[in-house]
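Structure, as structure tokens:
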Amino acid sequence: MEHTEQYRDGKLCASLAGQITSMCTEDMRIMEVCGTHTVSIFRHGIRTLLPRSLSLISGPGCPVCVTDQAELDAFIEIANMPDTILATFGDLMRVPATGSSLEKEKARGKDIRMVYSTMDALALARANPDRQVVFAGVGFETTAPTIAASILAAHAENLSNYSVYCAHKLVPPALEALMGLSGVEIHGFLLPGHVSVIIGGQAYASFFEKHRIPCVIAGFEPADMLMGIQELTEMISSNTPGLENAYGRAVSWQGNPRAQKVMDRVFKTANARWRGLGEIAKSGLSIREEFAAFDAARRFSIDPRPAAAPAGCACGEVLTGRCLPPDCRLYGTACTPADPLGPCMVSSEGTCAAYWKYNR
Ligand code: SF4
């Protein structure tokens, strides 16, 4: 707690906010890539400390928000297979698929279990040998190693009733896609802390070298985020772009080699479809041939069909900084946290949910 408190120090935060204000003599647009940053920025009132000339825009770093509609439909399909238990983290439960959600399917009697770790899903498989347990693999590099570890454990135990439907996404290719997107102007990136713990600063080096755009990795306490924003505004105002790490107490240049090794052992990169960004080459993970028996898509021949996002939902634009939640005509009318239409209003890391909770 003491270690956390020092990053919530009011004087330090006020000083950083003052430095940021002095730097913002022109309009600046910084994208916080990570959904946890978006929510943390709102929760701590960071925006109220910043000058009007500085815009913080939310990026595609909320895992359930960027999950493609077809993948959400695949989870519904799995939940409806006979003798099957679908295991998932809780944030996926209320995300609307086409005409349903996991929560609704559970209410209809399908066996869908919320788990807190992949090890809980493995325990379910051990306890239910006559049923198939499928884990809904959604998330970025932060969660992928734990899911890879569950596959290695299942492989070691010869567990024949456990598999993963792999819908994982990778952050650096999404940054690349954002740079090619028309209608969005970004002067610097506040890079995700959790993901960077695993992949390290090195993972952004080629992206930075190619685009020479200011990039700073930041943590989630108020001073962490303000330090990151301060470094970005300094680079932008002095036109000296760099790739910096403002979260040194958790993130190294190399990242976590052990987690990377586990991930590489089980997964290989694959093309993936993102809500709002479309298909991005090598931006996802698929399960290697050696572990094909644990790949739910292959085991159950699931071939997701393209599916349209909910009509009128602007999540794709919100996730890519092209509009703000209140710009969506459904915000607060047809779409509220109690009755969400798009994933950005459901997820605890969703931009629309954060706007609704903190910015009304
Ligand atoms: Fe989608 Fe609802 Fe956000 Fe509109 S307000 S973009 S419908 S989640």
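Since the structure is predicted, the reported quantities are computational estimates derived from the model, not experimental observations. In what follows, every heavy atom counts, from backbone to side chain, and hydrogens, waters and symmetry copies are set aside. All ligand and atom numbering here is 1-based and tracks the order in the structure.
- Close contacts of ligand 1 with G342, meaning ligand atoms under 4.0 Å from a residue heavy atom, involve 1 (Fe), 8 (S).
- Here F220 and Y7 keep their ring centres 6.0 angstrom or further from each other.
- For ligand 1, the atoms closer than 4.0 angstrom to any heavy atom of C328 are 4 (Fe), 5 (S), 6 (S), 7 (S).
- Aromatic ring centres of F140 and H168 lie farther apart than the 6.0 Å criterion allows.
- Proximity to M345 (heavy-atom distance under 4.0 Å) selects the following atoms of ligand 1: 8 (S).
- A salt bridge is defined here as a Lys NZ or Arg NE, NH1 or NH2 lying under 4.0 Å from an Asp or Glu carboxylate O, and E290 with R265 meets this definition.
- The pair E71-K169 meets the salt-bridge criterion, with a side-chain N (NZ, NE, NH1 or NH2) lying under 4.0 Å from an Asp/Glu carboxylate O.
- Per-residue contacts place C315 under 4.0 angstrom from the following atoms of ligand 1 (heavy atoms of the residue considered): 1 (Fe), 6 (S), 8 (S).
- Residues F135 and F89 bring their aromatic ring centres within 6.0 Å.
- Taking the centre of each ring, Y165 and F75 come in below the 6.0 Å mark.
- By the criterion of a heavy-atom distance under 4.0 Å, the side chain of C335, and not its backbone, is placed next to ligand 1.
- Remark: ligand 1 atoms within the under-4.0 Å shell around heavy atoms of C352 are 3 (Fe), 5 (S), 6 (S), 8 (S).
- At a heavy-atom cutoff of 4.0 Å, ligand 1 is contacted by both the backbone and the side chain of C313.
- Atom numbering of ligand 1 starts at 1 in the shown order; those under 4.0 Å from a heavy atom of Y331 are 5 (S).
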